[in-house]
Each structure stands twice: as structure tokens, then as C-alpha cells.
2 protein chains.
Amino acid sequence: MENRKKQIIELSIELVKKYGYDSFSYATLSKELGITKASIHHHFQRKDDLGLELCSYIHAHMVKEFNSILSKKNCAKEKMKDYLNLYAKMIETGDKICPIASLQAEANVISKEMREEVCLIDDAENDFIETVLNLGIKENDFYIKGDIKLEALLITSALKGALQYSRIHDKNKYMLIAEQLTLRLQSF
Amino acid sequence: MENRKKQIIELSIELVKKYGYDSFSYATLSKELGITKASIHHHFQRKDDLGLELCSYIHAHMVKEFNSILSKKNCAKEKMKDYLNLYAKMIETGDKICPIASLQAEANVISKEMREEVCLIDDAENDFIETVLNLGIKENDFYIKGDIKLEALLITSALKGALQYSRIHDKNKYMLIAEQLTLRLQSF
DNA sequence: GTCTATACACCGATAGAC
DNA sequence: GTCTATCGGTGTATAGAC
């Protein structure tokens, strides 16, 4: 990918995390990057084009993070901690929430194509957590009541909710809620 | 409160739940209500005035709902079920999420005054859930690991996240996730 | 309390020169 | 790949008549 395109996408993702998709404009990007709106339209003719590529970028980035966590030679408990820290980084580096949660909140505003992309990213995240949960069960470190797929769904959506809550109340609350959430996984 | 004002506020809340605060305009309201934008400005000079009154209205409405649940002569388990159903109604009646979650997602876009109002509403909801949890413990129906205030925070933020997830994926998922969440409260 | 009319800023987007 | 210039549309908001 060309450098400028990548630069625009990465800035856009930070703006989605902080303000949401509808709340930043080509003018916002152009001021920040020091180029004109027309130049940005050269790379992404319609804003929806940028929106779709930004989703693909997030998707690829998260899959990379998940694979990195899975390939580490540590236990499921530690992999879960690594995962929780991914979100902790967002809120610590400036009032940011999960970009996917941000887009979910705008579900009825963004295009059908973007909505579908958001769903695919959610699916990837849920599959990842399900894998970690199954690993933890094998290692006798996790004990899970009910359906494992549902527990994965609960974890991913609860953390997104916790991030949103913490941003507006107290950043430090996020990790406390995350730890309270994972308490239930412990068999003792 | 005058009838028209109430009508504008109630419509605005439905729009916040469906699209978010920044994504509806005085034009949206005026078309729906059959009056002009100028007439709406007569009731709420600035949009932020509407935003603040809409928050107060949500606050009062939710406190009323919570008190209604608490005053019922049923057990904590059933009160929790009543609470879960409040959110279920939102998503079932047309792609809507919790208005507070919607405003949380726009935290860096709305005014400081609105942000503070949102926090107060969250506080009321958390106090309510904490009360229900303590009641359930007394009744020997709930068993809670860790801090009760944290568990309340987890429940309220997890449900908001579950609503957002379910709206974009599959409405029926919400209640399944909610039930998976409350599984942890059961001692057996 | 509602209207018409209007102001002004910003939005996404395009044409065309360099 | 970047620019200037510009378009039509929409956003919040106000003035003033009825």
C-alpha cells in the first residue's frame, strides 16, 4: 500500500476510536496531514471507500494481533491477559475506545457494506476468544458455565461496553471491570 | 412540561437510540413532527439545550423504571429479569440500543454538560443493580465473586455492549448473552 | 407557538491546472 | 499526487411577521 494511503487510513482509525466515523471529515484529515481535501479524495474518492478500507485494515491488524497472542508459548490465562491489554492500551493513549464498538454504535448511519465488514471483524474476535477459552479448559485453568461460544460473545461485548463506560467515567475502571469479568473463568 | 416539548424530547430519545445524538437534526425532528425547524428552536434554542433536557428526561424515566422494579413484591432473580427485559424491548422495537450507550460512544463529541448528565444516569443504574445484587445475596439466590460494586459495573456495561453487538448481528443474541452473564450469579 | 426567510459554516464531492 | 476553485446539500441558528 502506498505510504500516503496508509497514513490516511491509520489517522482515520484513530479518529474513529476517539470521535466515531461520522464525526470526522476530509477537512479534519487534511488539516492534520497538511494536504488538501481534494488530495484525500484522490486516494479515497468517496468517504465510504475510506470507510471500507479502514475496516479491512482494522480486520487485518486485529487478526495479526490475535495470531501473535496465539503463537506465544504461554498459557491461556496469560493469553487472555494479553488480549485485555490490547484494549487497555487504547483507553490509556487518549480517550479511545474499540473502533469496532464505535462503528457498532453508528450501525444505522454507516453503509450496509461497512456494517458487513464490522460483523466479520467481530466474528474473527469471537473465534479468537473461543480458541483461548478452549485452551484454558484443556489446561484446567478455565471453568466455563454454559455455552462456550456464548461466553466468548459475552467477553468481547462486555469489554467493549466496559471501555465505553470507563472512557466517560474513569479510565482506571476498565481493567477492574475486565478482571471482574474474568473472575468467572476461574474454577477455584 | 408542555405537550410539544415532551413530544420533541421523546422523539429525540428514540432518534438517539437508533442513530445517535449527532446524527439527527432539527430538520429530522421537524419533518417527523410536521412543524418547522424554527418552531423547534422556539422550544430548545440550541441543540445542546435539547440534549441536556433529553438527558434529564432519560434520567427521570429510568429512575422511575428502577423504582417500579424495586417496589414489586418479587425476588431479586425476577427483578434482574425485569431489568434485562427493559433493554430487550429497545432492540425488539426497531434497531435501538441503550440511549446512554449511544451517548457514551459520542463522549468526545457531546458537550461537557451532557457528558456529566450521562455519568449521573450511569451512577443511578449502577446503584440500582447493586441493590438488586445485595437483595439476591440475602435471599441466597445470588453468589458473587469479588467486589459487588464492580460486579454491578460489569453487568450494566456488559449489557450495553451486548445490545450494540446484537443490533448489528442478530437481535436474538441479546437475551442469550444476558442470560450467559447472569449465569455467574447462580450459586448452584 | 408557529411560520417564512435567511445567514453562515461545514459536509462530501468534482473539474481542471500543475 | 497535489493544488485551487467551486458546487449542491445540510447543519445550527436567528430575525421578524402572524
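All values derive from a computational prediction rather than experimental measurement. Residue numbers begin at 1 in each chain, while the letters A, B, ... track the order of the sequences.
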What's the closest nucleotide to the B:Thr36 side chain, out of D:dG1, C:dG12, C:dC3? C:dC3

Taking OP1 and OP2 of C:dT2, is either one under 4.0 Å from a side-chain nitrogen or oxygen of B:His42? no

Taking only the side-chain nitrogens and oxygens of A:Arg46, find out if one of them lies under 4.0 Å from OP1 or OP2 of C:dT14. no

CZ of B:Phe44 versus C1' of D:dA13: gap in Å, rounded? 16 Å

If you count every heavy atom of other residues, nucleotides or ligands that lies below 6.0 Å from A:Glu139 atom CD, does the total exceed 12? yes

Taking the minimum atom-to-atom distance to the side chain of A:Ala38, which one of C:dC11, C:dT14, D:dA13 wins? C:dT14

How many whole angstroms separate atom CG of A:Asp22 from atom C1' of D:dG11? 12 Å

Expressed in angstrom and rounded to an integer, what is the separation of A:Lys5 atom NZ from D:dT2 atom P? 13 Å

Roughly, in whole Å, what's the span from OH in A:Tyr21 to C1' in C:dG12? 10 Å

If you check the B:Glu2 side chain, which of C:dG1, D:dT4, D:dG11 turns out closest? C:dG1

Atom pair distance, as rounded to whole Å: CG in A:Leu29 and C1' in C:dC10: 14 Å

Could you measure the distance from the NE2 atom of B:His43 to the CD atom of B:Gln7? Nearest 0.5 Å is fine. 9.0 Å

For the residue pair B:Asp141 and B:Gln186, confirm or rule out a side-chain donor-acceptor distance under 3.5 Å. no

When all nucleic acid strands are considered with a 4.0 Å heavy-atom cut-off, which category describes A:Phe24: base, sugar-phosphate, or nothing? sugar-phosphate

Could you tell me the separation between the CG atom of B:Asp48 and the P atom of D:dT12, rounded to a whole number of Å? 12 Å

Looking only at side-chain N and O atoms, does B:Tyr83 offer a donor or acceptor that is under 3.5 Å from a partner on B:Glu125? yes

Taking only N and O in the side chain of A:Gln45, is any of them less than 4.0 Å away from OP1 or OP2 of C:dA13? no

Heavy-atom nearest nucleotide on DNA chain C for A:His41 versus B:Ile35: which residue maps closer to 5'? B:Ile35

Which nucleotide in the list C:dC11, C:dA5, C:dT2 gets nearest to the side chain of B:Arg4? C:dT2

Hey, does the Lys NZ or Arg CZ of A:Lys160 hover above the aromatic six-ring of A:Tyr87, less than 6.0 Å from the centre and inside 45° of the axis? no

Of D:dC3, D:dT12, C:dG12, the nucleotide closest to the side chain of B:Tyr26 is D:dT12

Distance below 4.0 Å between A:Ser39 side-chain N/O and D:dC3 OP1 or OP2: yes

Length of the line joining B:Lys37:NZ and C:dT6:P, which is rounded to integer Å: 14 Å

Atom-pair distance (CD on B:Gln7; P on C:dG1), nearest Å: 13 Å

